[in-house]
Amino acid sequence: MRSAWCGDLRAADDGRAVRVCGWVARRREHGEHLAFVDLRDRTGVVQCVVDGGHDLRPELVVAIEGKVRLRPEGTVNAELATGEVELGDCSVEVLGEAEPPPFAVSDRVDADEAVRLRYRYVDLRRPRMQANLRLRAAVNRALRAAMDGLGFVEVETPLLWTPTPEGAREFAVPSRLQRGSFYVLPQSPQIAKQLLMVSGVDRYYQIARCMRDEDLRADRQFEFTQLDLEASFVGQEDVRAFVTEAVCAAVEAISGRRPEIGTLSWDEALDRYGTDKPDVRLGMELTDLGAVLAQTEARALQAEAVRAVRVEGAGSTGRARLDALQDRAKELGAAGLAWMRVVSGDEGDADIDSPLAKFLTEQERRGIITATEGQPGDLLLAVAGPRRLACRVLGQLRVEIAHDARIAGAAAGSPGAGGGGHRRRGPGGGTDDDLAFVWVVDFPLFEDADDEGTPISAHHPFTMPHPEDLPLLESDPLAVRSQAYDLVCNGWELGSGSIRIHRRDLQDRVFRVLGISETDATERFGFLLDAFRFGAPPHGGFAFGIDRLTALLAGEESIREVIAFPKTQSGSDPMTGAPKPLDPASMRELGLRAAGGGTGRATQPAT
RNA sequence: GGACCUGUGGUGCAGUCUGGAGUGCACGCCGGCCUGUCAAGCCGGAGGUCGCGGGUUCAAAUCCCGUCAGGUCCGCCA
């Protein structure tokens with residue numbers, strides 16, 4: 001049926017008789033006997049010279065037979081990969097009729113996302129989306145090859161599973177054979193892969209679907225895909241080396257370059273960037289003003305910690321913008337946001353202009369400028385409060401300010417910046433092909449205590465504590481570091497992993513700190529603890545989000561752009577109308593009765 | 001659970017602040033012209049429940065209340 005791809009034809013094919021198949025992309029008519037028809041398949045577009053062809057409307061499915069020939073002098077299209085050639089003496093066979101699409105199949109047109117999702121099959125026809133799908137396939141291919149090369153065995157694990165202690169809300173699936181009982185879809189294959197270590201698989205991997213019933217975001221869907229791996233008889237450096245190899249292989253497959261991956265401790269990430277997922281490209285690192293302001297009279301700055309960021313050259317920022325920043329800081333949980341302009345003082349040295357300036361001693365003002373390395377014309381933003389809060393708020397503001405600056409820069413931009421179709425930029429600003437990977441290591445083992453003072457797992461309850469901190473496990477649990485690590489890129493958390501506890505005595509100590517009783521533990525994951533009685537090797541692993549990695553590599557801001565059929569923020573699919581109420585017969589068979597009226601609010605599927 | 005933004009012919013927008021005839025732009029669609037275009041061009045035409053419901057008003061796309069949908073974010077999320 002087909003003897004060539006549209007996008008492959010080149011001058012070297014001159015004289016070839018070919019048959020190409022695809023969709024009519026465009027038609028340019030010149031009277032009764034000449035029309036240029038651009039035919040599109042997944043590889044690209046080729047111009048076909050057709051006698052007549054007035055009824056060849058866009059998106060018609062056709063096969064065109066013709067002879068490849070060089071274009072006449074002066075009609076070469078340099079912007080087209082196939083622009084040196086065209087198909088002449090064409091005969092056209094219509095293989096399928098097509099109504100006008102709801103939006104143009106073109107990267108130039110960006111339809112509303114709701115419309116794109118409703119007609120996703122049309123949306124995916126666009127070159128950009130085709131490229132994203134293929135980029136994703138290339139990432140998967142590179143990951144599989146890398147894992148295979150490292151001696152990892154691909155093993156599939158069940159989707160119909162049972163609740164696990166990872167913490168996310170889970171999707172339940174009713175059992176027909178055992179009415180009233182439910183399976184749970186895995187939030188990750190965490191427990192299953194640990195069991196595979198007990199089984200002696202030693203090196204497991206899987207490109208795994210994970211399901212979490214949490215609210216959706218630009219970087220979060222209910223169902224997402226991870227490269228999940230686990231290995232035995234390894235330390236965390238081994239695991240990170242495996243992941244590094246896989247990620248670098250994937251990045252190299254796309255960009256041709258192997259990235260360098262730096263390492264930061266969790267503590268350092270928090271201090272310098274205010275987050276455990278730093279975008280290290282952006283500069284504007286946080287400054288600790290605690291020492292400078294230890295004795296300050298300024299009430300607003302009296303707190304456990306005072307941190308600041310310096311926004312270079314932003315000293316002329318207006319009140320409306322500063323108010324907006326203050327509102328945002330409060331939304332993020334800060335009591336307030338102190339702003340200070342660095343100005344030239346009376347004697348030519350730098351000084352601070354701020355509503356707070358009158359509460360600051362000259363020494364404090366100098367100290368602030370020295371600590372932040374402020375120059376006249378800069379804006380300083382400071383947050384006072386508990387250390388983690390102050391850092392977190394400023395860390396978020398830092399990212400948003402950098403992002404806004406980039407948008408403003410693009411709008412002002414160089415003349416060439418707007419050309420070439422849709423604009424692509426990575427999350428959090430920065431430049432397109434600039435991927436800054438970093439390992440964040442030495443996470444705390446436990447998070448802040450709940451109301452009763454019981455710590456909760458930062459990662460999950462099977463995470464191995466840092467050996468140096470073991471003596472603190474009972475006496476100062478919040479100070480205990482873990483052997484957990486995250487991989488971060490451009491401010492996105494790509495994935496996380498840890499060395500697991502494989503000894504029952506240590507596991508019991510951790511359970512005690514977490515307030516998990518033996519009965520609880522047996523009930524919730526007794527099968528894992530059972531397994532560990534029969535010879536569990538030391539093991540550890542990792543999982544990272546392929547959706548996010550692919551989006552980063554594609555320069556997309558949302559993972560929805562690299563998922564064939566994603567869901568909207570409210571979890572519905574505008575194409576199918578899912579989720580929908582189940583018909584009564586199915587409900588009966590499953591032993592289910594809808595509570596509270598039970599008529600969902602299914603969206604209307606496409607007609 | 002919450003905050004903000006958006007909703008106007010098939011598509012993308014302007015119009016909303018400051019109420020006065022469904023007004024405008026670009027693309028697409030339909031018809032006609034056109035033999036080297038490539039986002040072809042030229043001429044003509046059709047196409048609207050201004051998301052939905054209620055209120056204020058002589059009069060509502062515009063103001064008010066509610067609601068639905070989409071997006072960004074907070075909470076939530078290994």
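Hydrogens, waters and symmetry mates play no part in the numbers below; they use all other heavy atoms, side chains included. A, B, ... follow the sequence lines: proteins, then strands. Residue 1 opens every chain.
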Integer-rounded Å distance: B:G10 P and A:Glu59 CD: 19 Å

A:Val115 has its side chain closest, among B:U11, B:C74, B:C38, to B:U11

Identify which nucleotide among B:G36, B:C73, B:A39 has an atom closest to any side-chain atom of A:Arg108, counting heavy atoms from C-beta outward. B:A39

With a 4.0 Å cut-off on heavy atoms, is A:Thr568 in touch with a base, just the backbone sugar-phosphate, or nothing at all? sugar-phosphate

Does the base of B:G12 carry an N or O that pairs as donor and acceptor with the side chain of A:Asp112 under 3.5 Å? no

Any-strand Watson-Crick or G-U partner of B:G44, both distances under 3.5 Å: B:C30

C1' gap between B:C30 and B:A46, integer Å: 7 Å

Does A:Gln226 use its side chain to pair, donor to acceptor, with the backbone of A:Arg209 at less than 3.5 Å? no

Side chain of A:Arg28, heavy atoms from C-beta onward: which of B:U11, B:U37, B:A78 has the nearest atom to it? B:U37

Classify A:Arg71 by what it touches in the nucleic acid, base, sugar-phosphate, or nothing, heavy-atom distance under 4.0 Å. base

Short question: side chain of A:Gln221, backbone of A:Lys567 - any donor-acceptor pair under 3.5 Å? yes

Classify the ring geometry between A:Tyr121 and A:Tyr119 as parallel (under 30°), tilted (30 to 60°) or perpendicular (over 60°). perpendicular

Given salt bridge (charged side-chain N to carboxylate O under 4.0 Å, His left out), test A:Arg57 with A:Glu59 step by step and report yes or no. CA-CA 6 Å; A:Arg57 56 187 307 150; A:Glu59 302 314 316; over 6 Å; no

Between B:G51 atom P and A:Arg118 atom CZ, what is the distance in whole Å? 17 Å

In the structure shown, which nucleotide is the Watson-Crick or G-U wobble counterpart of B:C25, with both distances under 3.5 Å? B:G12

Any A:Ser457 side-chain nitrogen or oxygen under 4.0 Å from OP1 or OP2 of B:A78: no

Base, sugar-phosphate alone, or nothing: which one does A:Glu86 contact when heavy atoms must sit under 4.0 Å apart? base

Protein within reach of the bases, or only the backbone? For nucleotides 24-35 of chain B, mark each nucleotide 5' to 3' as B, S or -, using heavy atoms under 4.0 Å. -----SS---BS

At under 4.0 Å between heavy atoms, what does A:Ala543 touch on the DNA or RNA strands: base, sugar-phosphate, or nothing? nothing

By the 4.0 Å heavy-atom rule, please label A:Gln226 as base, sugar-phosphate, or nothing. nothing

Between A:Ala111 and A:Glu214, just flag the one whose closest nucleotide in RNA chain B comes earlier from the 5' side. A:Ala111

Ignoring the backbone of A:Val49, work out which of B:C38, B:G36, B:G70 is nearest its side chain. B:G36

Using centres under 5.5 Å plus planes under 30 degrees as the test, is A:Phe36 stacked with B:U37? yes

In whole Å, measure the gap between the P atoms of B:G66 and B:C43 for me. 49 Å

Choose from B:C76, B:U37, B:A78 the nucleotide whose nearest atom is closest to any side-chain atom of A:Arg169. B:C76

Taking the minimum atom-to-atom distance to the side chain of A:Gln187, which one of B:A78, B:A40, B:C74 wins? B:A78

Can we say A:Arg328 and A:Glu400 salt-bridge, meaning some charged N sits less than 4.0 Å from an Asp/Glu carboxylate O? yes

Proximity to the side chain of A:Asp486 - top-ranked nucleotide from B:U72, B:C38, B:A78: B:A78

Nearest of B:C77, B:C74, B:G70 to any side-chain atom of A:Arg220? B:C77

Students often get this wrong, so: under 4.0 angstrom with heavy atoms, is A:Arg560 touching a base, only sugar-phosphate, or nothing? sugar-phosphate

Nearest-Å distance for atom pair CG/P, residues A:Asp323 and B:C4: 16 Å

Distance, rounded to the nearest Å, where A:Asp51 contributes CG and B:G36 contributes P: 14 Å

Provide the distance between the two P atoms, one in B:U56 and one in B:G9, to the nearest whole Å. 28 Å

Between C1' on B:U11 and CD on A:Glu113, what's the gap in Å once rounded to a whole number? 16 Å

Sub-4.5 Å side-chain heavy-atom contact between A:Phe527 and A:Ile191: yes

For B:G70, take OP1 and OP2 only and decide whether either is under 4.0 Å from a side-chain N or O of A:Arg116. no

Is the count of non-hydrogen atoms from other residues, nucleotides or ligands lying under 6.0 Å from A:Glu84 atom CD greater than 12? no

Contact class for A:Pro102 (heavy atom, under 4.0 Å): base, sugar-phosphate, or nothing? sugar-phosphate

With a cut-off of under 6.0 Å to the ring centre and 45° to the axis, is A:Arg212 in cation-pi contact with A:Phe224? no

For atom CZ of A:Arg212 and atom P of B:C77, their distance in whole Å: 11 Å

Using the P atom on both, measure B:C17 against B:G70 and round to a whole Å. 28 Å

Protein-nucleotide distance (A:Trp492, atom CH2; B:A78, atom C1'), rounded to Å: 17 Å

By the 4.0 Å heavy-atom rule, please label A:Ala218 as base, sugar-phosphate, or nothing. sugar-phosphate

Atom-pair distance (CG on A:Leu87; C1' on B:U37), nearest Å: 16 Å

Evaluate whether atom OH of A:Tyr183 has more than 12 neighbouring non-hydrogen atoms of other residues, nucleotides or ligands under 6.0 angstrom away. no

If we take the P atom in both B:U6 and B:G10, what is their distance in whole Å? 22 Å

Go through B:C77, B:C74, B:A40 for me and flag the one nearest to the A:Arg328 side chain. B:C74

Base, sugar-phosphate, or nothing: which does A:Arg126 touch, judged by heavy atoms less than 4.0 Å apart? nothing

Counterpart base for B:G66, defined by Watson-Crick or G-U wobble contacts under 3.5 Å: B:C52

P spacing across the pair B:C27 / B:C74, given as an integer number of angstrom: 40 Å

Do side-chain atoms of A:Thr576 reach the backbone of A:Ala578 as a donor and acceptor pair under 3.5 angstrom? yes

Establish, with yes or no, whether the OP1 or OP2 oxygen of B:U37 is under 4.0 angstrom from a side-chain nitrogen or oxygen of A:Gln47. no

For the backbone of A:Ile546 and the side chain of A:Thr550, can you confirm whether one donor and one acceptor N or O come within less than 3.5 Å of each other? yes

Do any N or O atoms from the side chain of A:Asp14 and from the backbone of A:Ala11 form a donor-acceptor pair under 3.5 angstrom? no

P gap between B:U37 and B:G31, integer Å: 25 Å

Interatomic distance at C1', B:C50 relative to B:U8, whole Å: 4 Å

Under 3.5 Å for both donor-acceptor distances, Watson-Crick or wobble: does B:A39 have a partner, and if so which one? none

